[in-house]
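To start, the structure under review is shown below, and the notes come after it.
Chain letters run A, B, ... following the sequence lines, proteins first and then strands; every chain starts at 1.
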Number of protein chains: 2
Amino acid sequence: MSRPMARSDVNRSAILAHLGAHGPASRAELARALAVSPALMTQLTKDLIADGLISEREQQASQGGRPARMLGLVAEAGRAVGVKVAADHVAFVEVGIDGGVVRTASEPFEAASTTMLTELVGLLRRFIDGGADTPLLGIGVGVPGEVDAQASGVVNSTQLGWRNAPIGDTLRRELRMPVLVENNVNALAMAERLYGLGQRHRSFLVVTIGTGVGAAIVIDGLVVRGTSGGAGEIGHIPVRETGPVCSCGGIGCLETFVGEAGLVRTARERGVIGASAGIAALRSAAASGDAAAVAVFEEAGHLLGRTLAGLVHALDPEIIIVLGEGTADWEHWSFGFEPAFRAALMASRRGLPVAVESWQDDSWAQGAATLVLATPFDAEGLAGEQGDLVRQRLVTQAGVAGDGASGSASPGGAR
Amino acid sequence: MSRPMARSDVNRSAILAHLGAHGPASRAELARALAVSPALMTQLTKDLIADGLISEREQQASQGGRPARMLGLVAEAGRAVGVKVAADHVAFVEVGIDGGVVRTASEPFEAASTTMLTELVGLLRRFIDGGADTPLLGIGVGVPGEVDAQASGVVNSTQLGWRNAPIGDTLRRELRMPVLVENNVNALAMAERLYGLGQRHRSFLVVTIGTGVGAAIVIDGLVVRGTSGGAGEIGHIPVRETGPVCSCGGIGCLETFVGEAGLVRTARERGVIGASAGIAALRSAAASGDAAAVAVFEEAGHLLGRTLAGLVHALDPEIIIVLGEGTADWEHWSFGFEPAFRAALMASRRGLPVAVESWQDDSWAQGAATLVLATPFDAEGLAGEQGDLVRQRLVTQAGVAGDGASGSASPGGAR
DNA sequence: TACGGTTTGTTTAGTCCTGAACTAAGGGGA
DNA sequence: TCCCCTTAGTTCAGGACTAAACAAACCGTA
């Protein structure tokens, strides 16, 4: 009993998110990290402990003063689901409130089908029902393409063949659950910011290589979405005056040279692989030391390096993080990438770190899940009303999802 | 008497800045614009009127309800000085609190001289002393190069030959006055945001063409400074695999083709102008219809167009604003720019507006001055302690500048 | 000309949060 | 061992701000 009638929910959930992202922390630490006074932190944590959302842990050894009494999340406080949508399949991930993966699944899925919306709802429903009994905070969906806004979720994607697909609204209505939709690379960038290298950097670039080439731009801790949610489309930066026509209609786009299709085309033209062979053949050829195959990757690395150098001059980030299925071959890319990238940078930036991270199959979906867990950090309201709903669920352990169009955000009594 | 011991200075000065930027407004309008409650606005404006900083104007015709009682700045509330530093001269501008130019001056100045710091102090002191009697809020300095932080003001500039020049600290100490230093293009972008096209756009690019090529990036209303204050260096984006060596050490940099020196070099190589002729000769040749001269500009426009298209793909801005001395020849540039730029964009962005603004000689200095006037909008503390000092002067009509190293921000009694 | 609709501005009660002073609990040096 | 230093956490008075109700001033319209 004695719910103190919800203090500042924003701060309450920010505390929970911080503990989830960085592990247990002392009150003083939290106050510093969230830029509030220690006094307030005392009050808020008192409430959270009373509500059973966090608990006091053992003391930590003193660092010259009074030892800190650590606070940690009560693990059962919540879970989130992430969905990766691709042209031919969807991948699901269930994560705990600490970001750790609990459960995964993958299902065939025809994105271009006319019934894909009901299909998606059914698959998601089945995955959710198989989950734990802890409260589900929300669903994050990562898609390759432009998303108008996380809280709305209208998607345009040439890769999926979607034009103004109302993913967000449909899922919200059918599942009665907060749903956040975002470009998949942007979602990945938020994951890096919360759990990865981004924790220690205010501004960075996340670059993905694979079927296509994408990027997400994080400036001062905020993901740049652009006017129409289409920022980061570095695959269509023009890098040559001539070349094959790109899917975007342009000529000389980066992606036509360094995307998977571009690599395969180049390799075929040069007879490195057979006329009907694919990326797998090119990979194995390079792996077995075929110089011509390695050269294909090397040249792609060269082009990527010069392009990224241009972006570095424009944005002056602290680090570049390279991700994606394509990083498996980075060994070969780097022969071209490193010299081209470094040479094109001005002297003062030549030492810019480039981190190439290993890639797992669930990474995309995991990134999508962090859309939900990142909500409390969402200072400028990227997630909008949906973010508020997630926060409500987080702090009250109950709360009912808005029902479709502008659902009245009823507080929802204690369960 | 009866100074109410300074309420929220941030909000007080935000009101003043809004009135300065957008002209007189009603209380209700201000409350909406600054996202505070009407109740608070009543209180704050009462204080500001009592302090003589703003005054009530005539009523405005009703718009269906009670007519608004407009509030306007008391013009004498303050002034700011802007300085443009170039290699061979400095330009000064004095602006009123509404951003209007009051007075200008230009003096020869040897930036590479060893005594340049004392020189600059002397010139500035003379300019300031000639000004009006209204309180001087601060000094904004625009430089071509990297600035570590506005509030610090350590400058690195190849154009000026400065390495770690402590401009900010020196001026602060000598003039006992808040001083804000910023890259000149970034300063220009802030001016656009406050008084220009940026008022109606959240994200935009400001591109300057002239001696060099520069850009400033504004995302969601915030100027992107980058890790070391060096964002926007689009002049060094690599655009060709071959070409002359750039001042940055790179090869194929945009600036080596479309900067003034690059244009002149190309024109000389082709015999369009004499081997010792300069940009003026190229200009007049193009103006008189010389096809080869026009082609030089056209090709520059082509390269700039493709490069900016790449940036648009990466950042997805709402508009591009082109400025700088070079816009005088834009008529010729556009022959190459428009087709190259539009063709390289994906279909959904092909209609992106590009605004080419006329250019006056004081524009750089005027941009620098708005560094000071923009302080109240400085939500994320770009201007730091110096911004606080400006705010103090604005709201108290007095206040003494910090004296060099971490001056204690003493409130300073009424004058 | 009475009445609802609309927008502006003010008052009041109460919430959120901070600053300052304080207690608590350790470490290390003379 | 005593004293000073440092860090952690709490209490309390008070300031900034808001929500909600209300008053003011105009518009239409029936």
Readout for nucleotides 21-30 of chain C: B = base within 4.0 Å of protein heavy atom, S = sugar-phosphate only, - = neither; 5' to 3' it is ---BBB----
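Counting any heavy atom pair closer than 4.0 Å across all strands shown, A:Ser37 reaches a base atom.
By the side-chain hydrogen bond (donor to acceptor under 3.5 Å, both in side chains) test, B:Ser152 is found to be paired with B:Asp148, residues two or more places apart in sequence or in another chain being considered. Every residue two or more places apart in sequence or in another chain was checked for a side-chain hydrogen bond (donor to acceptor under 3.5 Å, both in side chains) with B:Thr134, and none qualifies. Applying the side-chain contact (heavy atoms from CB on, under 4.5 Å) test to B:Pro166 and every residue at least two apart in sequence or in another chain returns B:Leu117, B:Thr170. Applying the side-chain hydrogen bond (donor to acceptor under 3.5 Å, both in side chains) criterion to A:Thr42, with sequence neighbours excluded, gives no partner residue. The salt bridge (charged side-chain N to carboxylate O under 4.0 Å, His left out) check on A:Arg66 picks up nothing, with sequence neighbours excluded. In this structure, A:Ser37 has no side-chain hydrogen bond (donor to acceptor under 3.5 Å, both in side chains) partners at least two apart in sequence or on a different chain.
When the P atom of D:dA16 is taken as reference, atom CG of B:Leu44 falls 9 Å away, rounded to whole Å. Atoms CZ (A:Arg32) and C1' (D:dG9) sit 12 Å apart, rounded to a whole Å. With rounding to whole Å, B:Arg12 atom CZ is found 16 Å from D:dG15 atom P. Straight-line distance from the CE atom of B:Met41 to the P atom of C:dT7: 19 Å, rounded to whole Å.
Proximity of B:Gln150 to B:Asn186: side-chain heavy atoms (C-beta onward) are nowhere separated by under 4.5 Å.
Counting only residues at least two apart or on different chains, no salt bridge (charged side-chain N to carboxylate O under 4.0 Å, His left out) pair has a member in residues 29-45 of chain A.
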Identify each atom pair where a protein N or O and an N or O of nucleotides 11-13 of chain C are less than 3.5 Å apart, giving names and distance.
none

